[in-house]
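These notes are about the structure you will find just below.
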Protein chains: 2
Amino acid sequence: MTERASASPYLTIKNDLLSQIRSGQLRPGDAVPHEETIAQQYGVARATVHRAMRELAEEGFVERKRRAGTRVAAVGGRTTKVDIALVRDEIERTGAPYRFKILTRNVLVEDDFAQRILRVSSKQPVLYLEILHYAGDQPYQLEERWINLDVVPSAETQPFDATNPNEWLIATMPYAEAEHKFSAQNATANQAKALALAEGDALFVIERRTALDAKMITYVRMLHPGQTYAMAATNFSLSTKN
Amino acid sequence: MTERASASPYLTIKNDLLSQIRSGQLRPGDAVPHEETIAQQYGVARATVHRAMRELAEEGFVERKRRAGTRVAAVGGRTTKVDIALVRDEIERTGAPYRFKILTRNVLVEDDFAQRILRVSSKQPVLYLEILHYAGDQPYQLEERWINLDVVPSAETQPFDATNPNEWLIATMPYAEAEHKFSAQNATANQAKALALAEGDALFVIERRTALDAKMITYVRMLHPGQTYAMAATNFSLSTKN
DNA sequence: TTTAATTTGTACGTATGTATT
DNA sequence: CAATACATACGTACAAATTAA
């Protein structure tokens, strides 16, 4: 009930192999026939088979080695993809109106934590912000953000009234590299108050460090009520489209 | 300071474009030259350029439409990859010896929650397990697992003494499809006791539903102390190897 | 509405490079 | 050192989608 309409030959081959792997006809460790062999079976060029196999390898289903050939991968852990959407999109997708409020805003100099996390020297100023994002009247996310003013000096005078800091930063430095971490924390008194929770309630925390050219741009903690928030991982699956 | 040793032409092109996007020479919405144009610039075949562009599109950096051409993607949210390793691997990687203990084991019939979560009818039995995974003497993960005995009847008589249920299931049904969810919860009294925490402490929870051919195989909750556990997301980045 | 032009998407067959046995 | 099987590349061809005339 899965594989239908396999338009292009390379997708047909890819899906056929995937079915065999899933159904257990091909078990982990088993050898997959050579590209040339498969090409002849299907009456296609080797390049076509190659593409199917390359994608299966990228998605972790098979392992390929020159001379040794292709084998079904030993399973082990799983890899999933996670989308970290813009808060605004996330909220608006639920139908609720989005708004945000800046709770705290100040420039830190000689602040130990800021210096360490943004890897700046003691003289360099860092902008610290606390922002609360609402879904309608419900607090949805509390954002704690540090911005390296050495790299983005214009942030210091930005009003952040129409556009929130995250979206402003993205517009300013679109393709910086990001690194994420997920964890769980008990809400501090302050955090609980902002999010309308009780102190100690579990928070789902996303941390992000953003850098460009080895220079840290910003570090942000996004805190969500653990009861209501859950992050779904889109599962690697059968190759439907392309 | 990133692109060096760009072996193959297609990687050279891919990295060059990526640098231009990151540096801001190409901004979101900007048009990228046609494959043919780039091919001539680099003196390569169009297929070579095509591969570079296709991968950039897969990774979300550009958007391509026939006839309309290729443009740098409007940024929006970010996508990261998350590895959910086997507990044993995760623990052994820290250097600590791994062991596990089955705390609870019973067969549920007519259990509302089990029926709903595994989508089974009221007559079908479900195996319920609570397993504690240790890193040395420290409890590392509390696992709550439901197994659909209709699909995997042999689980009922499995001793699970040498191999833990997760690894046994993977060996039995290697390439089932999985769906993950991450969240934060406060520890119940029982959970806290098992994990040597205080009641109410924040837990980082990974939930997984595994299915094969539209039949649910197992549902599992993996609970971790929020203080010590953190999940890192490997960031999509500059195309280094292949 | 139909038709043509453009640009990406896939495929073919061949050739050569490269890691591994 | 040779043989093997994957990895990349070339040039050409045609299909499919989309825009413009």
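A, B, ... follow the sequence lines: proteins, then strands. Residue 1 opens every chain.
Note: NZ (A:K14) to C1' (C:dA11) measures 17 Å, nearest angstrom. One can place CE of B:M53 at 14 Å from P of C:dT10, the figure rounded to the nearest angstrom. Rounded to whole Å, atom P of C:dA19 lies 19 Å from atom CD of A:E63. Following rounding to the nearest Å, B:R64 (CZ) and D:dT18 (C1') show an atom-to-atom distance of 14 Å. One atom, CD1 of A:I13, and another, C1' of C:dA11, lie 11 Å apart when rounded to the nearest Å. Rounded to an integer number of Å, the gap from A:E55 CD to D:dC6 P is 16 Å. Atom OH in A:Y10 sits roughly 12 Å away from atom C1' in C:dA11 (whole-Å rounding).
Judged by distance alone with a 3.5 Å cut-off, a donor-acceptor contact links the side chain of B:R46 to the base of C:dG9. One donor-acceptor pair, N or O on each side, does fall under 3.5 Å between the base of C:dT8 and the side chain of B:R66.
Partner of A:E35 under the salt bridge (charged side-chain N to carboxylate O under 4.0 Å, His left out) criterion, out of A:R66, A:R46, A:R51, A:R54: A:R46 alone. Tested against B:R208, the residues B:K181, B:M222, B:E179, B:R221 include a single side chain to side chain contact (heavy atoms under 4.5 Å, CB included) partner, B:M222.
A cation-pi contact, defined as under 6.0 Å to the ring centre and within 45° of the axis, links B:R99 to B:Y134.
Side-chain N/O atoms of B:H50 include one lying less than 4.0 angstrom from OP1 or OP2 on C:dG9. In terms of phosphate contacts, A:R54 brings no side-chain nitrogen or oxygen within less than 4.0 Å of OP1 or OP2 of D:dA7. The side chain of B:T70 places an N or O atom within less than 4.0 Å of a non-bridging phosphate oxygen (OP1 or OP2) of C:dT8.
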Take A:F204 and B:F182, measure what ring pair (Phe, Tyr, Trp, His ring centres under 6.0 Å) needs, and give me the verdict at the end.
CA-CA 9 Å; A:F204 186 83; B:F182 311 121; 7.3 Å; no

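In summary, the side chains of A:N166 and A:R88 do not present any donor paired with an acceptor at a separation below 3.5 Å, with no hydrogens or angles considered.
Residue B:R67 places its side chain closer to C:dT6 than to any other of D:dC6, D:dC10, C:dT6. When each of D:dA7, D:dA9, C:dG13 is scored by its nearest atom to the side-chain atoms of B:T48, the top-ranked nucleotide is D:dA9.
Note that CD1 of B:I84 and CG of B:D89 are 13.5 Å apart. Values are rounded to the nearest 0.5 Å.
Note on ring orientation: taking the six-membered ring where Trp is involved, the planes of A:Y140 and A:H224 are perpendicular (angle over 60°, cut-offs 30° and 60°).
When each of A:A45 and A:K65 is assigned the nucleotide of DNA chain C bearing its nearest heavy atom, the one mapping closer to the 5' terminus is A:A45.
Within a heavy-atom distance below 4.0 Å of DNA chain C, no residue of residues 33-42 of chain A is found.
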